[in-house]
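So the structure is just underneath, and the comments pick up after that.
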Amino acid sequence: MSLIDTNKVKEVFERNRQTAEPIAMKQDKELVLHGDVRVDPYYWLNERENPEVIDYLKQENEYLDNILAPAKPLREKLFEEMLARIQQEDQTVPYPMGAFLYYIRHEHGKEYPVYCRKKRTDAEAGEEIILDVNKLAEGKKFCHVIPPKLSPDGRKLVYGLDTTGRNLHQAFVIDLLTGETTETINRIMAGDFVWTPDNLSFYYNTKDEENLRSDRAWLHTLGQAFEEDTLIYHETDETTYVSLSASKDRTHLFMHCGYTENVECHFLNMNEKSASLQCIKPRVSGFYYSVDYFDHQFYILHNDQAVNFKISKANVSAFQFEKWVEFIPHSEEILIQDMDFFSNYLVIHERSNGLNQIRIHPWNESAEPHFIRFPDASYDCWLGANKELDTEILRLHYTSLTTPSSTFDYDMRNRTLQLLKEHKVLGDFDKSNYVSEYLQAPARDGVMIPISLVYRKGFQKNGKAPLLLNAYGSYGISYDPVFSSNALSLLDRGFVLAIAHIRGGKEKGWHWYEKGKMFHKMNTFYDYIDCAEYLIREHYTTNERLFARGGSAGGLLMGVVLNLRPDLFKGILAHVPFVDVITTMSDPNIPLTTGEYNEWGNPEIPEQYFYMKSYSPYDNIINKNYTNVLITTGFSDSQVQYWEPAKWTAKLRTHRTDKHHLLLFHTNLDAGHGGASGRFERLKEVALDYAFVLLLADFGQ
């Protein structure tokens, strides 16, 4: 079927042919390392305060708007279409904690959440708003909140607030009896808050001001100036980050140090006034572990002779490594990811054959462990807010490519699953109209790569359908198949949507991550290309209807794919793309750089430098034909700096020999890494994506 008005498509490409492109000026800068000379003509674009930089970014925005002017009605229609599916007045299922039931709701027409609670024992009790983010966002172009953390008695909360888009959160304390903000901590918050059992203090972690690495942990006592807070730990290893958590019974503080995996854990008993941090096991290269506490025992998730991790336990008074006792053994087929504690059960979050699963393990040794079974071939499940120990009920969430996000209570004793809420999609949505599949595509080295995909009923494998292939493939982050009501705007127009579960994530275990990082990084890129070729070979689409999409490290993937196989795709969507690998990884002052040496490599080491250079998208642009590309970024992004995609765009403009293809670049001048902060503003960014691929899918019919 025709997706849009073909005349509008032709007008877009005619505008592209006739309109002068923005051209960034060149100022060659030599970058020399290990005797290798790189000349960067656009290095100057990193001058954030330079008016000429802002002018160039605005020129690119105006160019995009000009080229896509005929598609403006389509973008507006897509936005309204996606907005119309959202139940604007909505709330989460309340969860119990202490004397209250807590939930989050959204109000009609408002961008941000409202955090609320009601008394647990009084069915007629009125609502208490504990934090309204819409009020915090008034007059602000950007607003992001670290969710409030309640004191054990429920009388106070602390939250973090950033209005810059650069993850520069400050902390604020609210007295819920008066509703007043009583204290401000003017440091850069990393995001973790742990209250002490006496309700008088809380621990928090902060970021280094230069590179935004979480490197310090503090104790703040209510009523005293934050400048007097006690520094309890400073992490000096520039590749390591500090995180804080508490045991479920709120007795023990845990401080984990690591990055993609934890390498060291410290603890203290918060009921002991004079307690100080103790290290459970000093860090050793390649040894990863994390710790929790239950019933006088430490439970340690670790990888000692266990590539997919196992669980050991140790007495709190004898926690040395040589005294650890194996509790849940290692499995070659199952990755243990997390655990949660209840009075009668240990709940284990695992991953097998690419999919999440939940195992219920009774403490009673005479009772058999069991798994919660789910219906879809490809799905995602995760643990919800389970704040209490003494309960038989497990709160969990479930979704698939065809099933909206759903909240369940699972009775662990009776093994019954109760649906509490399925996220409502307004309009004529019927999930029975959509079909999902879970495929295995052969990579060039013989490894089978999972692919999740979804399409509307009636789809035929004849190669005529447009297909959007998503992927990420880094940091051990798995790209799980979740429902998106926005995606219906493509599915209902005949698109197939797919996810390539490529190496670099942990979909198929820890080795899946190890084989997609450092000197194995090319596996990530080749896996994606091989999945694309498989989908074409199996007649799901053709290269004239195939589109690629990835963001951040997935944007790096898009950059490499654009260099390696531009002929394979009709168009590529690259969001906040990490494309200038060598230059960024060579600058330790750029936020988050040094912590990523274990992911990409350290340019000071020659072998790692040259391997990164071999795939770095910016360094591998040559004079040749590319394909249609849409690149987006946020000016305030602290994770992938705006100048990476800006430089990439400028260099592509001067090297591509195919001026008939679209090369479009948009900078959100008020946003950071995640794009617009409001739930509705984000839809405009999605509408731009969808309009781009819809235009190209129809072109040439």
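Since this is a predicted model, take the numbers as computed values, not measurements.
- In this structure, the separation between CG on N186 and CD on Q170 is 4.5 Å, given to the nearest 0.5 Å.
- Taking the centre of each ring, F287 and F321 come in below the 6.0 Å mark.
- Atoms CD1 and CD, on I348 and Q357 in that order, are 10.5 Å from each other to the nearest 0.5 Å.
- Checked by atom type and distance alone, the side chain of N199 never pairs as donor or acceptor with a backbone atom of S151 at under 3.5 Å.
- No side-chain heavy atom of M612 sits under 4.5 Å from any side-chain heavy atom of T584.
- A ring-centre distance under 6.0 Å is not found for Y115 and Y159.
- Note: W218 CH2 to F226 CZ = 9.5 Å, rounded to the nearest 0.5 Å.
- Counting only distance, with no hydrogens or angles, the side chain of K506 and the backbone of L335 share no donor-acceptor pair below 3.5 Å.
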Worksheet item: Are D445 and R503 close enough, and set up right, to give a salt bridge (charged side-chain N to carboxylate O under 4.0 Å, His left out), and what steps lead you there?
Response: CA-CA 12 Å; D445 61 359; R503 281 173 282 190; 3.0 Å; yes
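- Under the 3.5 Å distance criterion, the side-chain polar atoms of N262 are left unmatched by any main-chain donor or acceptor of H256.
- At a threshold of 4.5 Å between non-hydrogen side-chain atoms, the residues I328 and R359 count as touching.
- Judged by distance alone, the side chain of N386 and the main-chain N or O of G384 form a donor-acceptor pair under 3.5 Å.
- The number of heavy atoms from other shown groups lying within 6.0 Å of CD (E322) is above 12.
- A donor-acceptor contact closer than 3.5 angstrom is absent between the side chains of S478 and D480.
- Ion pairing of K156 with E183 is absent here, as no side-chain N (NZ or NE/NH1/NH2) approaches a carboxylate O to less than 4.0 Å.
- Within the 4.5 Å cutoff, the side chain of V347 has no heavy atoms near those of the H349 side chain.
- Each of F341, F371, F327 was compared with H361 under the ring-ring contact (aromatic ring centres under 6.0 Å, His included) criterion, and only F327 meets it.
- Residues Y204 and H169 place their aromatic rings such that the two centres sit no closer than 6.0 Å.
- Residue H220 forms a ring-ring contact (aromatic ring centres under 6.0 Å, His included) with just one option from Y203, W195, F172, F202, and that option is F202.
- Using modelled atom types, one finds a donor on one side chain and an acceptor on the other under 3.5 Å when comparing E596 with Y475.
- No side-chain donor-acceptor contact under 3.5 Å links S405 and H397.
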Worksheet entry | Evaluation steps, side-chain hydrogen bond (donor to acceptor under 3.5 Å, both in side chains), between Y398 and D376 | CA-CA 10 Å; Y398 175 86; D376 292 293; 2.5 Å; yes
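- One distance of note links CD1 of I280 with CH2 of W324; it measures 7.5 Å at 0.5 Å rounding.
- A distance-only check finds a donor-acceptor pair linking the side chain of S343 to the backbone of L389 [under 3.5 Å].
- For K248 and F342, the positive end sits near the middle of the six-membered ring, less than 6.0 Å away and at most 45° from its axis.
- Of the inter-residue distances, the one linking L176 atom CG with L150 atom CG reads 6.5 Å to the nearest 0.5 angstrom.
- At a cut-off of 3.5 Å, with distance as the only test, no side-chain donor of D411 or Q418 sits close to an acceptor on the other residue.
- When the shell of 6.0 Å around NZ of K517 is examined, it contains more than 12 heavy atoms from other residues, nucleotides or ligands.
- In this structure, the side chain of E507 engages the main chain of Y479 through a donor-acceptor pair within 3.5 Å.
- A donor atom on one side chain and an acceptor atom on the other are found under 3.5 Å apart for N356 and Q337.
- When ring centroids are compared, Y611 and W600 stay outside the 6.0 Å threshold.
- Under the 3.5 Å distance criterion, the side-chain polar atoms of N414 are left unmatched by any main-chain donor or acceptor of T416.
- Between F254 and F267, the ring-plane angle classifies as tilted under the 30° and 60° cut-offs.
- Checked for salt-bridge contact, R213 and E238 miss the test: no charged N lies under 4.0 Å from a carboxylate O.
- Under the ring pair (Phe, Tyr, Trp, His ring centres under 6.0 Å) criterion, Y410 pairs with H370, sequence neighbours left out.
- Ring orientation note: the planes of H501 and Y438 are tilted relative to one another, at an angle of 30° to 60°.
- Distance alone, capped at 3.5 Å, is enough to place a donor-acceptor pair between the D192 side chain and the L244 backbone.
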Item to complete: Please test D295 against K313 for salt bridge (charged side-chain N to carboxylate O under 4.0 Å, His left out), starting from the C-alpha separation and ending with a verdict.
Response: CA-CA 11 Å; D295 193 23; K313 64 179 182 178; over 6 Å; no
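- Expressed to the nearest 0.5 Å, how far CD of E209 lies from CZ of R187 amounts to 9.5 Å.
- Of all heavy-atom pairs between T260 and E599, the closest is CG2-OE1, 3.9 Å.
- Two rings, from W363 and Y299, have their centers less than 6.0 Å apart.
- A cation-pi arrangement is not found for R395 relative to Y95, the charged atom failing to lie both closer than 6.0 Å to the ring centre and inside a 45° cone about the ring normal.
- Counted by atom type alone, D304 and Y289 present zero donor-acceptor pairs between their side chains at under 3.5 Å.
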